[in-house]
Participant: 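Sharing a structure, written as structure tokens. Questions coming.
This chain uses plain numbering: 1 for the first residue, then up along the sequence.
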Amino acid sequence: MPHNELSIEAANARLKIKRAGLKIALRKGSGRLYLRGILPPKPGSDRIKPYQQYISLGKFANAGGIEFAEAKALEYGAKLAQEQFSWDDILAAPEGETCKDAITRFRKHWANKQEGSVKVIEQRWKDQFWYPAFTKIPGHRPVTPELLEGVLHGGWPKNSAGRQKAAQKFNQLAHFLKFDVSFTSQRGNYNVGHVKRNIPSDEVIEESIDSIAGYGRKGSEWQWIAGMFAVYNLRDHEAFQCDVEWRTIRGKKVLVCLVWDETKTGAREVLPLPPAWVDRWQLDDVRRPEITSKWGDRTAKQFKRMKLPYRPYDLRHAWNLRASLLGMPDIAKAAMMGHSARTNEVYQRHLRTDQVADAWLKAVDTES
């Protein structure tokens, strides 16, 4: 037998005498050492009871590696005996790991805790982590706290919403990688309440969306998108992930917007406000630009090209203001906007569809 196997056998014999509960193993083809034993399930696992697993040590099967493995077996074995073993102490970033590999590991860890279909979870990852933050991290470089800090400072303006969101996501990644660092103090002083917004009047909205190439002409898909923003208070990605459906509500024929479950806020139904704009821009005929990702960036750029006097999200604020002026209760507005408003989130769980419809009917009857 090769000397290293004899040394592994000798180390395992000592571990057995000391009842460490773990053995050193050499996986064929890798040349690297592992620990093997009955261990608790990893975070996010569907398993409940402990079962036999491997702990990667990243060490070659030489004298130094075996000595290291024996010490780790005793360390982890003692924690198992004291019921203090934690995978979080082990699943840290390997030395020299690239950003791409680190993000891949983090994504798997995060996905294991998510609910929904593979498609829903994938879109949620893009909306919550990839586009807001991780897309700017250079995948080929070794992941370090210093690199993440440099990306954060160079990627987003100080005191911006983007910097604030990126800092939050970088914190989650750094925590997963066991980095002793926090980016909270570097997120800036962005406050949504201090942002000056250009909320267009209904007259401006009508005139500007009318100016986009109309129904049956080239470019009408962008009129449909803008119209859906204005009438159904949709976020940019939601206009590309929704259906419309005619229904009769209390004797009124109404075009309802059905936001898909694939969106980050989940499925919801939205009623038009004002209903007259549905016919004005033929919103019952779904027509969308051929865009499959980065909807926010593409939509913002297109609004600039069309020289619309507001940003896409300003139409959502205009809907909220319009609903408020017409007397729609906050809880009904929040339900149709896809908000989990802190003051209303408990009550929204018990808010029925017919109650939302009643609030909407009162608003549109007041309008007419």
Participant: Measure from the side-chain N and O atoms of Ser201 to the backbone N and O of Val204, and report whether any donor-acceptor pair falls under 3.5 Å.
Facilitator: yes

Participant: Please check: side-chain N/O of Arg163 versus main-chain N/O of Gln186, any donor-acceptor pairing under 3.5 Å?
Facilitator: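 Here the side-chain-to-backbone pair exists.
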
Participant: Donor-acceptor pair, Trp319 side chain versus Val231 backbone, under 3.5 Å?
Facilitator: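 It does hold such a pair.
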
Participant: Applying the side chain to side chain contact (heavy atoms under 4.5 Å, CB included) test to Asn233, which of Leu315, Leu273, Val270 qualifies?
Facilitator: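 Result: among Leu315, Leu273, Val270, Val270 is the only option passing the side chain to side chain contact (heavy atoms under 4.5 Å, CB included) with Asn233.
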
Participant: Taking the six-membered ring for Trp, are Tyr131 and Trp125 ring centroids under 6.0 Å apart?
Facilitator: no

Participant: Please step through side chain to side chain contact (heavy atoms under 4.5 Å, CB included) for the pair Gln302 and Leu308, ending with a clear verdict.
Facilitator: CA-CA 9 Å; Gln302 184 63 30; Leu308 299 184; over 6 Å; no

Participant: Are the side chains of Leu283 and Tyr232 in touch, meaning some heavy atoms are under 4.5 Å apart?
Facilitator: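 When only atoms from C-beta onward are counted, Tyr232 and Leu283 do touch, with a gap below 4.5 Å.
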
Participant: Are Arg322 and Asp202 side-chain neighbours, meaning at least one heavy-atom pair lies under 4.5 Å?
Facilitator: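 The answer is yes, as the side chains (C-beta and beyond) meet within the 4.5 Å cut-off.
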
Participant: Give a yes or no on whether the backbone of Arg235 and the side-chain of Glu238 come within a donor-acceptor separation of less than 3.5 Å.
Facilitator: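 Looks like yes, one N/O pair under 3.5 Å.
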
Participant: Does CD in Gln52 sit with more than 12 non-hydrogen atoms of other residues, nucleotides or ligands closer than 6.0 Å?
Facilitator: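 Count over threshold, so yes.
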
Participant: Could you measure the distance from the CD1 atom of Ile137 to the NZ atom of Lys100? Nearest 0.5 Å is fine.
Facilitator: 14.0 Å

Participant: Would you check, one step at a time, whether the test side chain to side chain contact (heavy atoms under 4.5 Å, CB included) holds for Trp281 with Ile209?
Facilitator: CA-CA 8 Å; Trp281 300 310; Ile209 297 181; 3.3 Å; yes

Participant: Using 0.5 Å steps for rounding, measure from the NZ atom of Lys165 to the OG atom of Ser160.
Facilitator: 12.0 Å

Participant: Under the criterion side chain to side chain contact (heavy atoms under 4.5 Å, CB included), I'd like the reasoning laid out for Tyr76 against Leu35: C-alpha separation, chi angles, the key distance, then a yes or no.
Facilitator: CA-CA 10 Å; Tyr76 297 148; Leu35 297 181; 3.8 Å; yes

Participant: Can we say Glu290 and Arg298 salt-bridge, meaning some charged N sits less than 4.0 Å from an Asp/Glu carboxylate O?
Facilitator: no

Participant: Using 30° and 60° as the class limits, which term best fits the ring planes of Tyr54 and Tyr34: parallel, tilted or perpendicular?
Facilitator: perpendicular

Participant: Taking C-beta and beyond as the side chain, do Arg288 and Glu221 meet within less than 4.5 Å on heavy atoms?
Facilitator: no

Participant: State whether Glu75 and Lys72 are salt-bridged, where the test is any N-O pair (Lys NZ or Arg NE/NH1/NH2 against Asp/Glu carboxylate O) under 4.0 Å.
Facilitator: yes

Participant: Crowded around Glu207 CD? As in, over 12 foreign heavy atoms under 6.0 Å?
Facilitator: no

Participant: What distance do Lys23 atom NZ and Asn12 atom CG have between them, rounded to the nearest 0.5 Å?
Facilitator: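 The distance works out to 5.5 Å.
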
Participant: For Trp260, is there any backbone N or O sitting under 3.5 Å from a side-chain donor or acceptor partner on Gln241?
Facilitator: no

Participant: Given side chains that start at C-beta, do those of Tyr313 and Thr299 come closer than 4.5 Å, heavy atoms only?
Facilitator: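 Heavy-atom side-chain distance check fails, nothing below 4.5 Å.
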
Participant: Taking the side chain as every heavy atom from C-beta outward, state whether Ile55 and Trp87 have any atom pair closer than 4.5 Å.
Facilitator: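 Side-chain contact under 4.5 Å: yes.
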
Participant: Would Asp101 and Thr98 count as having a side-chain donor-acceptor pair, cut-off 3.5 Å?
Facilitator: yes

Participant: Do you reckon Trp246 sits in the same ILVMFWY cluster as Met228, going by side-chain contacts under 4.5 Å, direct or chained?
Facilitator: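 Same hydrophobic cluster.
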
Participant: Verify, without hydrogens or angle tests, whether Asn171 (side chain) and Phe183 (backbone) share a donor-acceptor contact under 3.5 angstrom.
Facilitator: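 Confirmed, Asn171 side chain pairs with Phe183 backbone.
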
Participant: I need the Arg107 CZ to Trp130 CH2 distance, nearest 0.5 Å.
Facilitator: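 If we round to the nearest 0.5 Å, Arg107:CZ and Trp130:CH2 are 9.0 Å apart.
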
Participant: Which residue, Phe106, Trp110, Phe129, forms the ring-ring contact (aromatic ring centres under 6.0 Å, His included) with Phe176?
Facilitator: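 Among Phe106, Trp110, Phe129, the one that satisfies the ring-ring contact (aromatic ring centres under 6.0 Å, His included) with Phe176 is Phe106.
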
Participant: Taking atom types as modelled, find out whether Glu206 and Trp277 have a side-chain donor-acceptor pair closer than 3.5 angstrom.
Facilitator: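 Checked: Glu206/Trp277 side chains pair up, N/O donor to acceptor below 3.5 Å.
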
Participant: What is the distance from atom CG of Leu148 to atom CG of Leu152, rounded to the nearest 0.5 Å?
Facilitator: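 Between atom CG of Leu148 and atom CG of Leu152 there are 8.5 Å.
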
Participant: Would one find more than 12 heavy atoms of other residues, nucleotides or ligands at under 6.0 Å from atom CD of Glu245?
Facilitator: yes

Participant: Between Asn112 and Lys108, is there a donor-acceptor pair closer than 3.5 Å when you use the side chain of the first and the backbone of the second?
Facilitator: yes

Participant: List the steps, then state whether salt bridge (charged side-chain N to carboxylate O under 4.0 Å, His left out) holds for Glu9 with Arg14.
Facilitator: CA-CA 9 Å; Glu9 287 182 354; Arg14 291 190 293 272; over 6 Å; no

Participant: Might you work through the side chain to side chain contact (heavy atoms under 4.5 Å, CB included) test for Phe170 and Leu173, ending with a clear yes or no?
Facilitator: CA-CA 5 Å; Phe170 281 21; Leu173 178 62; 5.6 Å; no

Participant: Tell me the closest heavy-atom pair linking Cys99 and Pro138, and the distance in Å.
Facilitator: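 Where Cys99 meets Pro138 most closely, the heavy atoms are CB-O, 3.3 Å.
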
Participant: Say whether, by atom type as modelled, one donor and one acceptor occur between the side chain of Gln223 and the main chain of Ser211 under 3.5 angstrom.
Facilitator: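 It does not hold such a pair.
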
Participant: Using a strict 4.0 Å threshold on nitrogen-to-oxygen distance, state whether Glu115 and Arg124 make a salt bridge.
Facilitator: no

Participant: Check whether Val286 and Val254 end up in the same hydrophobic cluster, where Ile, Leu, Val, Met, Phe, Trp and Tyr are linked by side-chain heavy atoms less than 4.5 Å apart.
Facilitator: yes

Participant: To the nearest 0.5 Å, tell me how far Lys113 NZ sits from Ile121 CD1.
Facilitator: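 Result: 13.5 Å between the selected atoms.
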
Participant: Which atoms form the tightest heavy-atom contact between Lys169 and Ala133, and what is the distance?
Facilitator: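 Closest approach of Lys169 to Ala133, heavy atoms only: CB-CB, 3.7 Å.
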
Participant: Looking only at atom types and distance, does a side-chain atom of Arg311 sit under 3.5 Å from a main-chain N or O of Ala300, one as donor and one as acceptor?
Facilitator: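 Not at all, since once roles are kept as given, no pair shorter than 3.5 Å links the two residues.
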
Participant: Below 4.0 angstrom, N of the basic side chain to O of the carboxylate: do Asp210 and Arg280 qualify?
Facilitator: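 A salt bridge is present here (some side-chain N lies under 4.0 Å from a carboxylate O).
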
Participant: Minimum heavy-atom separation for Val181 and Pro145, please, with both atom names.
Facilitator: CG1-CB, 4.1 Å

Participant: State whether the number of non-hydrogen atoms from other residues, nucleotides or ligands found under 6.0 Å of His153 atom NE2 is greater than 12.
Facilitator: yes

Participant: Looking only at non-hydrogen atoms, find the nearest pair between Leu22 and Gly77 and report the distance.
Facilitator: CD1-N, 3.9 Å

Participant: Is NZ or CZ of Lys136 both nearer than 6.0 Å to the six-membered ring centre of Trp156 and within 45° of the ring axis?
Facilitator: yes

Participant: Determine the minimum heavy-atom distance between Ala11 and Ile24, stating which atoms define it.
Facilitator: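 Closest approach of Ala11 to Ile24, heavy atoms only: CB-CD1, 3.7 Å.
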
Participant: Is there a side-chain contact between Phe229 and Phe303 in this structure, where contact means two heavy atoms from C-beta onward sitting under 4.5 Å apart?
Facilitator: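 When only atoms from C-beta onward are counted, Phe303 and Phe229 do touch, with a gap below 4.5 Å.
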
Participant: State, to 0.1 Å, how close Ile199 and Leu321 come at their nearest heavy-atom pair, and which atoms those are.
Facilitator: CG2-CD2, 4.1 Å

Participant: Is there side-chain contact between Asp236 and Ile225, with at least one heavy-atom pair below 4.5 Å?
Facilitator: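 Asp236 does not reach Ile225 side chain to side chain.
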
Participant: Do Pro142 and Leu147 come close enough that some side-chain heavy atom pair is under 4.5 Å?
Facilitator: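 SC-SC contact between Pro142 and Leu147 ruled out.
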
